[in-house]
Amino acid sequence: MAFGKGHHLHLIDGSAFIFRAYHALPPLTRKSDGLPIGAVSGFCNMLQRYVEGNVGGDVTHVAVIFDKGSHTFRNDMYDQYKANRDAMPEDLRPQMPLTRAATRAFNIACEEIEGFEADDIIATLARQAEAEGGRCSIISSDKDLMQLVGGGVVMVDAMKGNKVIDREGVEEKFGVGPERVIDVQALAGDSVDNVPGAPGIGIKTAALLINEYGSLEELLDRAGEIKQPKRRETLINHREQIELSKRLVTLDDKMELPFTLDDLEVKDPDPDTLLAFLAEMEFRTIVKRISDKLGVDAPVIEDAAPVAEDAPEQPPFDAEKYEWVKDATALQTWIDRIYARGYVAVDTETTALNEMRAELVGISLCVEAGQACYIPLIHKGGAADDLFGDDALADGQMDFEECLTLLKPMLEDDSILKIGQNMKYDAKIFARLKIDVAPIDDTMLMSYAMNAGLHNHGMDTLSERYLGHTPIPIKPLLGSGKSAITFDRVPVEEAVKYAAEDADITLRLWQMFKPQLHRKQVTSVYETMERPLVPVLAKMEMSGIKVDRDTLSRMSNAFAQKMAALEDELYELAGGKFNVGSPAQVGEILFDKMGLEGGKKGKTGKYSTGADILEDLATEHDFPGRVLDWRQLSKLKSTYTDALQTHINEETGRVHTSYSITGANTGRLASTDPNLQNIPIRTDEGRKIREAFVAEDGKVLVALDYSQIELRILAHVANIPALKQAFKDGHDIHAMTASEMFNVPLDEMTSDVRRQAKAINFGVIYGISGFGLARNLRIPRAEAQGFIDRYFERFPGIRTYMDDTIAFAKEHDRVETLFGRKIHTPEINAKGPGAGFAKRAAINAPIQGTAADVIRRAMIRMDDAIAHLPAKMLLQVHDELVFEVDKDAADDLIAAAKDVMENAANPVVKFDVPLVVDAGIGATWAEAH
DNA sequence: ACGCTCACG
DNA sequence: GACGTACGTGAGCGTA
């Protein structure tokens, strides 16, 4: 039957499928021979899901289109086309032919043509289908294909839940109809494909211009009429480049193809061929699924692939099935189910992301994959009550207090495990409502324990990677910018789908991760250093630290005055007004206007004006020094004295940061909203900011910090006798290093020599390089290299440690801390400049990570150790803990806390060197440190 | 949204 | 042999 009216052609962008599969899955290998097959596996799953999704659909013709080779006619037009693409990963290359074989095994047409991109073939076929009066759906999210939409052609974005992109979708993305997409692309260019376009013009501006002038050609011809001088010149000066860009982005839709539309007719796969291929790949799960579906016996796979165990059969996600809990009877049914099961996934919806300010809006629960509910509590928008802004409660919601009263016993029940994704957030919301959620599990922390370094651990990432499911995005529900609404304004109907799905996803992730923890040997890391931190941090964050607004405000004013004075001086020196805060303008004045030497342009074409460069120039001119002074004040004012005031909570009068447990790959915490881990201390002026951090009346702040913890850990792991002895004897480690290296007796040590040794000591922790040390010490590179050589000569154990660490990383794609925390280093075997980064990170991670483990252990034990004292732990700054305590109990606190910190490694790790903790007391953080 | 700059350990 | 590099973070600003 010839393709024509009533027929529907599906064109699948093969490369997009492959890359998505590759990035979505861990690097699986075939068990029998170690052949990488992660991408093939994902590709087959996607094909299978695609085929299933279209059973009974109206698809009549289908093909998967691939790219062939990397050289196309576009490279002949422009040699830089796609020149910035990274090389294909080594473990993906051998999988490329297998994806073609997989396509054929599914009996789907598989096409690729030398010298052309898949997009050109897709364009040609789409136009042919259109000409024959049929329809065409392109399965891809590549915006380059949007020019084809219209007539009978649409795109289907498989990444976004098969969202259909039609004419309107294209207009939304490009601001013009499909016919003008290439005009917009020609102007905007494309950094991914390295299409130059017109410098400084993005999609928004391009669409504006094209809509005004009708077409690119018209625009270029009448470019002289444009009012904005910069834009006018850009278009006139870059005409050729823009026209080239248009040719690059225009798809060839008139290729001569060695096959016809009729050849693409949908055919059922041959079960034997398909199963044989899948069995050969050792895809146990998908073999079983397809055998069951076709009603045939599954071929025997000798060696079970490990994927199968991790991916038990799960019902598909179906937002329509989630329950809207409206009353106590319905809720009680859920509570009964939870007790029958022993565990429940919980998620809260609130009015804000800041837990200290957010109000609880609703709760979702899930007890079994696919079976979840949402309990809306204070959604607005019931009876129209426009006088009061529609603030009436929506119908179908149970009483707030009644709901909490019913849930509280369950949430606090020792026998019911509460599972969450980032449970610290939900626990804090509940804690403010006097509910102590325990015991808990946290899928985000499980992922972190298993996969630190591989990817982030947000719900969207985890769901996509491990469940192959893209969660309902929150953006469309809340909107953005000025018109954004809070979750209590989301219609309950929509809220149920979104909120219940989160609990559903969390439960499914937990079911998958729980058995993996053992297999990946991170159970103890998770159970001793991740999960127990949740209540500890929640408590610290809720305590907050008192910050004195008046002190900050006074400092702000003083800074503003000094800045204004500096600005006047700078304008004088520059011979005119300019924006001191603009690095670009500072660079121009220094290097163009004043003609100073040493201007280096970065990749954006701007002069670099970092502090190190300006410091070098300060000897030649007054200007750069003044800029540095101004910058320091500007930083202190905007980031600290001004911004910090906005973070003072109205109710508590204190600042409540939020610690991210999974924020840093090494095991360190990260502090946000505000970041209290980078409050100034290095300069006297900045240090004053710490005077605004104060204790309540009758109390004092106590700061305890580990002395040289990373160097002590280095001395231990690299087993350097001289360093270990120096720490045991309590000597000045930097002076000792200097003495050993430069053969200077300790009593003749100069501060300068000690400073250099200190830089080397730190450099070693960071994965030292001659270049880095030279820059840090401002000495010639050869001299720096000489220092390093001498250091390694004197402490050969350090070099051995570094080599061993890198060898371990190369073999296992990860490094470990002394406590067993695993930190993945996926780039360690990469070629190119990335390799250097990866090596240094691999050297640093076990040291920084072990120190992070030590303080985590201390924090977890601290609660009990100081429970008998009128004291609270408030802050953690990597190697420092800050407490607030009644004045007369300060000494007791110091004794207790110091003991916990110094012995935090015991009994798991027995350090050869003592861990020493220094203490300080004061009315402010400045005094205490 | 992204790069620059700079605050901390 | 050249190239580009100290490790780990977060926030504010200017610029597109």
Side-chain angles (χ1 to χ4, degrees), chain A residues 188 191 199-205 230-231 452-453 579-587 602-614 627-628 630-640 642-644 646-647 657-660 663-683 685-687 689-690 705-706 708-710 714 759-777 781 784 788 823 832-849 851-852 855 875-880 929:
Chain A
S191 56
I201 293 189
I203 288 186
K204 284 274 151 61
T205 313
K230 204 161 183 188
R231 212 173 266 179
N579 184 349
V580 190
S582 161
Q585 293 181 33
V586 169
K603 53 187 161 188
T604 46
K606 305 258 171 58
Y607 290 112
S608 182
T609 65
D612 47 350
I613 292 170
L614 263 44
V627 173
L628 283 172
W630 184 92
R631 277 195 189 157
Q632 196 199 6
L633 294 171
S634 163
K635 177 82 173 181
L636 293 174
K637 182 171 185 300
S638 68
T639 309
Y640 300 104
D642 286 350
L644 213 44
T646 70
H647 284 281
T657 184
S658 178
Y659 290 102
S660 164
N665 289 334
T666 53
R668 275 197 179 176
L669 303 178
S671 160
T672 63
D673 305 308
N675 182 353
L676 294 186
Q677 290 180 323
N678 71 347
I679 303 301
I681 192 165
R682 290 175 187 173
T683 65
E685 197 129 46
R687 200 185 183 113
I689 308 261
R690 293 187 178 223
D705 70 291
Y706 284 104
Q708 309 285 8
I709 187 167
E710 293 193 356
L714 176 70
I760 298 170
N761 276 333
F762 280 110
V764 166
I765 292 171
Y766 299 149
I768 199 160
S769 75
F771 181 92
L773 184 65
R775 201 175 60 170
N776 191 287
L777 287 177
R781 196 172 155 174
I788 294 171
I823 299 145
F837 277 114
K839 275 187 192 171
R840 293 191 295 272
I843 289 168
N844 175 256
I847 302 168
Q848 189 183 112
I855 197 164
L875 302 177
Q876 189 250 42
V877 192
H878 309 308
D879 64 358
E880 171 185 5
H929 195 282

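Chain letters run A, B, ... following the sequence lines, proteins first and then strands; every chain starts at 1. Reckoned from all heavy atoms, side chains included, excluding hydrogens, waters and symmetry mates.
- The two atoms that bring A/I760 and A/I768 nearest to each other are O-CD1, 4.0 Å, heavy atoms only.
- Among all heavy-atom pairs drawn from A/G453 and A/N665, the shortest one is N-OD1, 3.5 Å.
- Among the protein residues, A/E880 comes within range of no part of the nucleic acid, since none of its heavy atoms lies under 4.0 Å from any strand.
- Residue contacts for A/S769: at a heavy-atom cut-off of 4.0 Å it reaches a base atom on one of the strands shown.
- At the heavy-atom level, A/D705 lies nowhere under 4.0 Å from the strands shown.
- For A/R682, no side-chain nitrogen or oxygen approaches OP1 or OP2 of B/dA7 to under 4.0 Å.
- Note on A/G202: nothing from the nucleic acid sits closer than 4.0 angstrom, heavy atoms only.
- Counting all heavy atoms, side chain and backbone alike, A/I855 lies closest to A/E880 at CD1-N, 3.7 Å.
- Look at A/S638 and you won't find any side-chain N or O under 4.0 angstrom from OP1 or OP2 of B/dC6.
- Heavy atoms of A/S634 sit nowhere under 4.0 angstrom from any nucleic acid atom.
- Across all strands, A/Q632 comes closer than 4.0 Å only to sugar-phosphate atoms, never to a base (heavy-atom distances).
- Minimum interatomic distance between A/Y766 and A/R840 (heavy atoms only, all atoms of both residues): O-CB, 3.5 Å.
- The CG-C1' distance, from A/L636 to B/dT5, rounds to 13 Å in whole Å.
- Residues A/L773 and A/I788 approach most closely at CD2-CG1, 3.8 Å, considering heavy atoms.
- When DNA chain C is scanned in the 5' to 3' direction for atoms under 4.0 Å from non-hydrogen atoms of chain A, the outermost contacting nucleotides are C/dG4 to C/dA16.
- Base contact: A/F771 has a heavy atom under 4.0 Å from a base atom.
- Contact annotation for A/D879: backbone-only contact, meaning every heavy-atom pair under 4.0 Å involves sugar-phosphate atoms and none involves a base.
- Here B/dG9 presents its P atom at 8 Å from NE2 of A/H878, a figure rounded to the nearest Å.
- Comparing A/Q848 and A/G836 along DNA chain C, the residue whose closest nucleotide (by nearest heavy atom) sits nearer the 5' end is A/G836.
- When rounded to the nearest whole Å, the span between CD1 of A/I689 and P of B/dC6 equals 16 Å.
- C/dG8 is paired with B/dC8 under the criterion used here, namely a Watson-Crick or G-U wobble arrangement in which both key atom distances are under 3.5 Å.
- Summarising the geometry, the separation between NZ on A/K606 and P on B/dT5 is reported as 10 Å, rounded to the nearest angstrom.
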